[in-house]
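When a residue number appears, it is its place in the shown sequence, counting from 1.
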Amino acid sequence: VVREVGWSNFLDIFSPANLDVAARSTLMAITVTVACTLIGFPLAYYMARYAKGPYKAALYVAVMLPLWSSYLVRLYAWKLLLAKEGAISWVLQQLQMQWLLDALLATPVIGGSSLSFSPIGTFIVFVYMWLPFMILPIMAAIERIPNSYLEASADLGAKPAQTLRQVIVPLAMPGIAAGSIFTFSLTLGDYIIPQVIGNSTLYIGQVVYRQQGVAGNLPFAAAFSLVPI
């Protein structure tokens, strides 16, 4: 390490390879956030508005239960599930849908030798890992919406879809924003999931980790860590 003040490490960030890493990481973080929102909002709405008593408590536990186990245990469990000889491939074979998996793996964007060595496998695990962080803030926001608002919307002639679009979603937006901050930032900086699930494509966290731990290039690792910030 040359201990002198300069801009060379910051300029190296703008090399094509490093810009490709930043773009790939940002795109993955955006898609994971969108997927978690689309999956988490209906479940959070059902838990906040329709689930009652012990059934609601069971749903709470179901959402929180994965967080009680080790991050690495969940990760390697998915490594086995997504493997070529894993449970997901076996289920698709039994349903005679192996062609669908083969078609996905043959595409240049999400392809790989198996789901456990492909970008789509990385995406699936990211969504699973961070989904509780999206569900809980949205559910808390929906629970704060007074029932009188929904009744007033119905009295004014709004259809259920219109009430959802113009009343519930805007009032739940703070919860969606809070959940999005979690899912986006956690995906952007994670380096373990892409290292265990995925092919050789790099993400921001992996570049920082390798430059710091493998190459020993602390100045560039520090400079590149400013990209997600």
Side-chain angles (χ1 to χ4, degrees), residues 28-83 86-92 94-95 97 115-116 120-154 158-190 192-193 196-197:
M28 176 64 78
I30 292 173
T31 54
V32 168
T33 299
V34 171
C36 286
T37 303
L38 295 177
I39 298 172
F41 189 92
L43 180 57
Y45 182 80
Y46 178 80
M47 292 173 64
R49 289 291 169 186
Y50 294 103
K52 304 295 181 182
Y55 184 55
K56 185 173 185 177
L59 289 176
Y60 263 112
V61 173
V63 171
M64 295 292 295
L65 192 60
L67 301 179
W68 298 354
S69 61
S70 168
Y71 173 94
L72 291 176
V73 169
R74 287 178 282 150
L75 176 56
Y76 279 98
W78 272 101
K79 181 77 171 179
L80 295 175
L81 290 172
L82 297 172
I88 294 177
S89 295
W90 180 83
V91 170
L92 291 176
Q94 299 303 311
L95 297 176
M97 296 180 63
L115 286 176
S116 61
I120 190 173
T122 307
F123 168 78
I124 291 172
V125 177
F126 269 135
V127 172
Y128 168 80
M129 288 290 190
W130 312 140
L131 188 58
F133 296 96
M134 178 66 77
I135 294 174
L136 297 177
I138 295 178
M139 184 176 63
I142 294 176
E143 285 180 335
R144 294 193 191 99
I145 301 176
N147 290 327
S148 59
Y149 286 19
L150 308 183
E151 295 169 359
S153 177
K159 301 292 185 182
Q162 188 177 4
T163 300
L164 176 66
R165 186 174 61 254
Q166 297 185 356
V167 179
I168 297 175
V169 171
L171 292 175
M173 195 56 66
I176 297 174
S180 297
I181 291 172
F182 280 117
T183 56
F184 185 86
S185 59
L186 289 171
T187 303
L188 199 62
D190 194 283
I192 300 177
I193 292 176
V196 176
I197 308 290

Within a reach of under 6.0 Å around OH of Y71, are more than 12 heavy atoms found that belong to other residues, nucleotides or ligands? yes

Counting C-beta onward and ignoring hydrogens, is there a side-chain heavy-atom pair between V63 and M47 closer than 4.5 Å? yes

What are the two closest non-hydrogen atoms of W130 and D190, and how far apart are they? CZ2-OD2, 3.7 Å

Is there a side-chain contact between L72 and I192 in this structure, where contact means two heavy atoms from C-beta onward sitting under 4.5 Å apart? yes

Which distance, rounded to the nearest 0.5 Å, do you find between the CG of L186 and the CD1 of I181? 11.0 Å

At their closest point, which heavy atom of V196 faces which heavy atom of K79, and how far apart are they? O-NZ, 2.7 Å

Could you give the distance from OH (Y46) to CD1 (I142), rounded to the nearest 0.5 Å? 14.0 Å

Stepwise side chain to side chain contact (heavy atoms under 4.5 Å, CB included) check, I197 with F126: CA-CA 10 Å; I197 308 290; F126 269 135; over 6 Å; no

Side chain to side chain contact (heavy atoms under 4.5 Å, CB included) between L43 and I138, worked out: CA-CA 9 Å; L43 180 57; I138 295 178; over 6 Å; no

Mind checking the CG-CD1 spacing from L81 to I124? Nearest 0.5 Å is all I need. 10.5 Å

Show your working on side chain to side chain contact (heavy atoms under 4.5 Å, CB included) between Y149 and T163 and close with a plain yes or no. CA-CA 9 Å; Y149 286 19; T163 300; over 6 Å; no

Quick one: pull up CE in M139 and CZ in R49 and give me the separation to the nearest 0.5 Å. 12.5 Å

Inter-residue atom distance L67.CG - R74.CZ, 0.5 Å rounding: 5.5 Å

CD1 on I193 to OH on Y128, rounded to 0.5 Å: 10.5 Å

Using the rule given for side chain to side chain contact (heavy atoms under 4.5 Å, CB included), can you reason through T33 versus T187, listing the C-alpha separation, both sets of side-chain angles and the distance that settles it, and then say yes or no? CA-CA 9 Å; T33 299; T187 303; 5.7 Å; no

Any sub-3.5 Å donor-acceptor pair from S89's side-chain atoms to G86's backbone N or O? no

Closest non-hydrogen contact found for P137 with P132 is CD-O, 4.3 Å

Determine whether more than 12 heavy atoms belonging to other residues, nucleotides or ligands lie under 6.0 Å from atom CZ of F182. no

Examine distances only and state if a side-chain atom of S180 and a backbone atom of I176 form a donor-acceptor pair shorter than 3.5 Å. yes

Could you tell me which non-hydrogen atom of L131 sits nearest to which non-hydrogen atom of C36, and how far apart they are? CD1-O, 3.6 Å

Kindly give the heavy-atom pair with the smallest separation between P174 and P170, and that separation in Å. CD-O, 4.0 Å

